[in-house]
Amino acid sequence: MKTALITGITGQDGSYLSEFLLGKGYDVHGTIRRSSVDYRERIAHLEGHPHFHLHYADLGDSMSLLQVVGKVRPDEIYNLAAQSHVQVSFDAPEFTADVDATGVLRILEAVRQCGLAATCRIYQASTSELYGKVEQVPQNESTPFHPYSPYAVAKLYGYWIVKEYREAYGMFCCSGILFNHESERRGETFVTRKITLAAARIAQGKQDKLYLGNLSSRRDWGYAKDYVECMWLILQNERPEDFVIATGEQHTVREFCRLAFRYAGIELRFEGEGVHEKGIDCATGRVLVEVSEDFYRPTDVVNLWGDPTKAQRELGWNPTKTSFEQLVRLMVDADMAKVAVERAGEEVRTNLAEYLEKGIVK
Ligand code: NAP
Ligand code: GDD
């Protein structure tokens, strides 16, 4: 039985990767952080599994990493932990650098200090944000980097330090340069999930309007569940190499929005430009989407489009397993169900309060 250690196991990718590796018969260990509210929604269903284990560690704390790596002695490490929100990295640049840049170094050193350099394979969660102010479309493994946020600059250090440890110490460590991947488990402040949740709430009368930033920004959006398979494939490869993981298809935020609302039963038309652009309900004329400068970034990456040819050819990975339409549909369906359950809960609470007040129930 192989042993894997996943940092960032409570995140979107960590939860899918855990399921995937357990399915492959791995003993899965993950690092969690102490927080005043124990928020482990994405992995709650895995707790209690005999091959699923959690350990406290923080990428900002080398001691904790040394301890967990020394104890678990993993065959494979998936370093997914990060301050992963690009906009937040402008507000917390130093923390982002500590976790997303130096944190990678701490993982590599922990492996070396524990005497596992020759046996432990390491996957580093790199990102299409490295291409930033893009110099070429579509982007592949040879496209020059031009990071365009504190997050991307920190991740660039992570990319290079992985390459350095590979060349200097012969370690099997690789970066997956992943383009945006989404799911029903995506954090609610990333644009896709923000849109699908708002579309579900608006369709069910629980929200009036959605405020977004740059509607013309383009992304190559894939399904997170498909992408974690590739992380594993990268570590099963004969040689340690870096790979671009993407669908090869590009859409704007506006297109995502229009489709999500359509699946929630609302046909939108967009009118106006820049901050004055609005998404209008074709049936009622109501303005449901507006632009707010609060969601503009000091520097924004606007043209990400990946070329997954190398991963297709060398790893046998299928980049089009889940189409863009299927992705939007499954996210909207999940949020429609989530909002319906919340509404039902509210109704039960309201009725119960009324029955208690009237003495119908005691
Ligand atoms: P996510 O949902 O934000 O999860 C991030 C994980 O990192 C969480 O488990 C979080 O723990 C943990 N974490 C944050 N700071 C930490 C610290 N100081 N020490 C230990 N753990 C820490 O992100 P994701 O979407 O799953 O992405 C996974 C990785 O892939 C990230 O490195 C991200 O930058 C990278 N990436 C993501 C995408 C994408 O489109 N999703 C694309 C390219 C690259 P808490 O739950 O305690 O906060
Ligand atoms: N979050 C957010 N909120 N983004 C918005 C909004 C909004 O209201 N309105 C427009 N956008 C635009 C952003 O300006 C950006 O151009 C695009 O939508 C995507 O933003 P996010 O969904 O926040 O993702 P991201 O591309 O910045 O970062 C994600 O993907 C990277 C891979 O390219 C994260 O998962 C990163 O961790 C990951 O590395």
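Every number for a ligand or one of its atoms is a count from 1 in the order of the listing.
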Selection from I6, V99, L59, D220 by shortest heavy-atom distance to atom 19 (N) of ligand 1: L59
Using the rule that two of Ile, Leu, Val, Met, Phe, Trp, Tyr join whenever any of their side-chain heavy atoms come within less than 4.5 Å, decide whether I195 and L304 are in one cluster. no
The option among Y151, F179, Y227 carrying the non-hydrogen atom nearest to atom 34 (O) of ligand 1 is Y151
Using a strict 4.0 Å threshold on nitrogen-to-oxygen distance, state whether K2 and E76 make a salt bridge. yes
Carboxylate-amine/guanidinium contact R121 E241, below 4.0 Å: no
Could you check whether any side-chain N or O of E141 sits under 3.5 Å from a backbone N or O of T143, counting only pairs where one atom can act as donor and the other as acceptor? no
Heavy-atom proximity to atom 37 (O) of ligand 2, picking from A198, S84, S89, A246, points to S84
Can Y151 be said to touch ligand 2, with heavy atoms closer than 4.0 Å? yes
Whether R258 engages the ring of F270 as a cation-pi pair (distance to the six-membered ring centre under 6.0 angstrom, angle to the ring normal within 45°) should be assessed. no
If we only count N/O pairs under 3.5 Å, is T192 in contact with ligand 2? no
Heavy atoms only: which of E182, Q87, R297 lies closest to atom 23 (O) of ligand 2? R297
Measure the distances from the heavy atoms of S126 to every atom of ligand 1 and state whether one is below 4.0 angstrom. yes
Verify the neighbour count for atom CD of E41: are there more than 12 heavy atoms of other residues, nucleotides or ligands below 6.0 Å? no
Between E47 and R42, is the closest basic N to carboxylate O distance under 4.0 Å? no
For atom 14 (O) of ligand 2, the option (of L130, L304, D300, N303) bearing the nearest heavy atom: D300
With a 4.0 Å cut-off on heavy atoms, is F190 touching ligand 1? no
Is the positively charged end of K194 above the ring of Y211, judged by distance under 6.0 angstrom from the centroid and angle within 45° of the axis? no
List the steps, then state whether ring-ring contact (aromatic ring centres under 6.0 Å, His included) holds for F190 with W221. CA-CA 12 Å; F190 294 98; W221 280 297; over 10 Å; no
For ligand 2, is V253 a contact, meaning one of its heavy atoms is under 4.0 Å away? yes
To the nearest 0.5 Å, what is the distance between SG on C230 and CH2 on W232? 11.0 Å
Please list, in number order, the atoms of ligand 1 under 4.0 Å from a heavy atom of G11. 2 (O), 4 (O), 8 (C), 9 (O), 26 (O)
Does NZ or CZ of R297 lie under 6.0 Å from the centre of the six-membered ring of F90, at an angle within 45° of the ring axis? no
Going by distance only, is there an N or O of G213 that falls short of 3.5 Å from an N or O of ligand 2? yes
So which heavy atom in the protein is nearest atom 16 (O) of ligand 2, and how far is it from that ligand atom? S217 OG, 2.6 Å
Do any heavy atoms of K155 fall under 4.0 Å from ligand 1? yes
Non-hydrogen atoms of T7 versus ligand 1: any pair closer than 4.0 Å? no
At less than 4.0 angstrom from any non-hydrogen atom of T127, what atoms of ligand 1 do you find? 43 (C), 44 (C)
Please report whether ligand 2 has a polar contact with V191, defined as an N or O pair separated by less than 3.5 Å (distance criterion only). yes
Salt-bridge present (K133, D300; N to O < 4.0 Å): no
Any idea which protein heavy atom is nearest atom 28 (O) of ligand 2, and the distance to it? V86 CG2, 3.6 Å
Run the contact test for R254 against ligand 2 with a 4.0 Å cut-off on heavy atoms, strictly below, and give the result. no
Is it true that R186 lies under 4.0 Å from ligand 1, counting heavy atoms only? yes
